Each structure stands twice: as C-alpha cells, then as structure tokens.
Amino acid sequence: CQSYLILETTNWYLVSSTVTNETLEDIISGHSFATGTAGNIGIGDYDNTIPSWTYATLGSTGTLASGEGRTFKMTGDGTIAFNGAMPLDNRSIVISDGGVSGNGCNLSGNSFPSYLPVNNTIPTSLNSILRANTGILEEETIRVWDQSNSCYLQVNQASPMISCVYYIALCHGFFVK
C-alpha cells in the first residue's frame, strides 16, 4: 500500500505516515530533504520533555509508526511516498504531559487513508478527534501548522472554521495537549 503527500514548497510541514512498517531509511533514501547543522536533515521529531525538536541525519534508522507526527522540510517541492501496510484497526497514540520540564504538547497525525473530523461544529461529526479524546486532552484544541503563514492555527469546539479546517487530511500532523 502507498500513500502520498504533496509538499508544494520548501517550508516545514507536519506530517504522519498513513501506513505501517515504513522506515526512516526508505523515506531518507527516496527523498531530498533540506540540510542543517551537524549533519541534520529536514526530518524532525518533537520531544515534549525538553521541549524541543530533534532532527534525523542521513544515517538515521527506525520505523515511522502510523499516527506519529513529524516535521518534514524538502529541498524543493515534491511528493512524499509512504510505503507499507494500510492500518485496518483503531489506532492509539500515547499522549504524555512531558514531565516536570515538559510542555504537554504531543505531535500526532492522521494515520488513516481518509479525512478525520476535528470538532463538533459539523452536524454529522459525532465522533470527532476532540470529542473522542475529551477525557485525556488538557484542552479540546488541536494546532495545525499553517506553512504559508509560518504559524499555528488552533481548532477547537468553538471554531466553526479556521482556514477551512474541519478535517485533518491524510498524512497530515497536528499537535494536541
């Protein structure tokens, strides 16, 4: 199974694999990521215990778990291809407060090959991300990265529409707290 995410600029994007068993090695070898200092490339993991980003290098290895959020920055516009098995069951993502030094922000993502409803302002959205996770979230808000304006947009139960965000698209990441 393959899923694709089109990155239209060289800006940072929050992304998530929609397949299982995808590896960092495959993603790194099949795409051209921006480079930074100390051999870092444009793949970042958010660590809410510091809180800060840690970046991959060309030699990074490991599995991209379906539903885990990351940030990607390419050297040019292009398409990210995720290869693996399509998840067929419910997905659970561990949410943590980050401990004493943490900020409680968790980078997650849409792990399914379909759009996910975010809030309850949509009349047909009875099982939105926010409603289904009310008991574990500190606040019923997600934050999506608006790469064109370099800022986070907040979507919550009171948001009828922010930049047309009612659903999280496949392969897209978002923060929850």
Side-chain angles (χ1 to χ4, degrees), residues 1-9 11-24 27 31 43-48 53 63-74 78-98 103-177:
C1 176
Q2 288 186 324
S3 61
Y4 300 95
L5 176 61
I6 298 170
L7 304 181
E8 297 175 342
T9 71
N11 297 337
W12 287 100
Y13 289 82
L14 297 181
V15 302
S16 178
S17 175
T18 58
V19 298
T20 60
N21 303 321
E22 178 60 279
T23 65
L24 270 171
I27 290 292
H31 304 88
I43 299 176
D45 290 313
Y46 188 75
D47 183 349
N48 74 350
W53 294 96
T63 302
L64 298 176
S66 178
E68 281 184 355
R70 287 191 163 67
T71 189
F72 282 8
K73 180 178 177 74
M74 308 290 288
T79 301
I80 298 288
F82 295 102
N83 299 295
M86 181 172 38
L88 300 174
D89 55 355
N90 290 333
R91 310 298 294 163
S92 295
I93 305 296
V94 175
I95 302 294
S96 78
D97 65 7
N103 65 3
C105 294
N106 292 265
L107 181 54
S108 188
N110 181 354
S111 61
F112 295 100
S114 62
Y115 287 75
L116 291 177
V118 174
N119 55 13
N120 292 332
T121 61
I122 307 162
T124 59
S125 180
L126 300 177
N127 290 318
S128 68
I129 292 170
L130 296 177
R131 175 178 248 174
N133 294 289
T134 296
I136 62 170
L137 296 177
E138 183 177 308
E139 54 189 63
E140 290 186 31
T141 302
I142 69 163
R143 289 164 181 86
V144 294
W145 181 247
D146 178 356
Q147 57 82 28
S148 62
N149 293 308
S150 297
C151 65
Y152 288 97
L153 300 176
Q154 295 185 46
V155 179
N156 56 39
Q157 300 295 37
S159 304
M161 187 168 87
I162 297 177
S163 296
C164 300
V165 178
Y166 281 121
Y167 295 89
I168 295 293
L170 60 153
C171 298
H172 285 251
F174 56 92
F175 277 99
V176 293
K177 186 172 182 178

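On a predicted model such as this, the values are computed, not experimentally measured, just so you know. We count residues from 1, following the sequence as given.
Looking only at side-chain heavy atoms (C-beta outward), V15 and I80 stay at 4.5 Å or farther from each other. L64 places a side-chain heavy atom less than 4.5 Å from the side chain of R70. Inter-residue side-chain proximity for S150 and N11 is flagged as unmet; no heavy-atom pair is nearer than 4.5 Å. At least one side-chain heavy atom of I142 sits less than 4.5 Å from a side-chain heavy atom of L130. With contacts defined as side-chain heavy-atom distances shorter than 4.5 Å, the pair Y13/E8 qualifies.
T141 contributes atom OG1, which lies 14.0 Å from atom CZ of F175 (distance to the nearest 0.5 angstrom). Here the CZ atom belonging to F82 is positioned 7.0 Å from the OG atom belonging to S16, to the nearest 0.5 angstrom. Rounding to the nearest 0.5 Å places CG of N48 at 12.0 Å from CG of D45. Put simply, NZ on K177 and CD1 on I95 are 13.0 Å apart, with the number rounded to the nearest 0.5 Å.
Panel note: side chain N103, backbone C105; a donor-acceptor pair is recorded below 3.5 Å. With hydrogens and angles ignored, the 3.5 Å screen pairs no side-chain donor or acceptor of H172 with any backbone N or O of I168. Judged by distance alone, with hydrogens and angles left aside, the side-chain atoms of E22 form a donor-acceptor pair with the main-chain N or O of N83 at under 3.5 Å. A donor-acceptor distance shorter than 3.5 angstrom exists from the side chain of N106 to the backbone of G104, with no hydrogens or angles considered. Judged by distance alone, the side chain of S66 and the main-chain N or O of T20 form no donor-acceptor pair under 3.5 Å.
Of all the heavy atoms in Y4 and A81, the pair that sits closest is CE2-CB, 3.6 Å. The two residues P87 and V19 make their nearest non-hydrogen contact at CD-CA, 4.2 Å. The two atoms that bring L170 and L5 nearest to each other are O-CD1, 4.5 Å, heavy atoms only. Contact record, T18 with N110: CG2-O, 3.6 Å, taken as the closest heavy-atom pair.
Side-chain polar atoms of S17 and E68 form no donor-acceptor pair below 3.5 angstrom.
Environment of CD1 in I6: sparse, with no more than 12 heavy atoms of neighbouring residues, nucleotides or ligands closer than 6.0 Å. Residue Y115 qualifies as open at atom OH: its count of foreign heavy atoms under 6.0 Å is 12 or below.
Paired with I129 under the rule side-chain contact (heavy atoms from CB on, under 4.5 Å), one option of L137, L116, V155 passes, and it is L116.
Every residue two or more places apart in sequence or in another chain that forms a side-chain contact (heavy atoms from CB on, under 4.5 Å) with T71 is listed here: W12, L14, W53.
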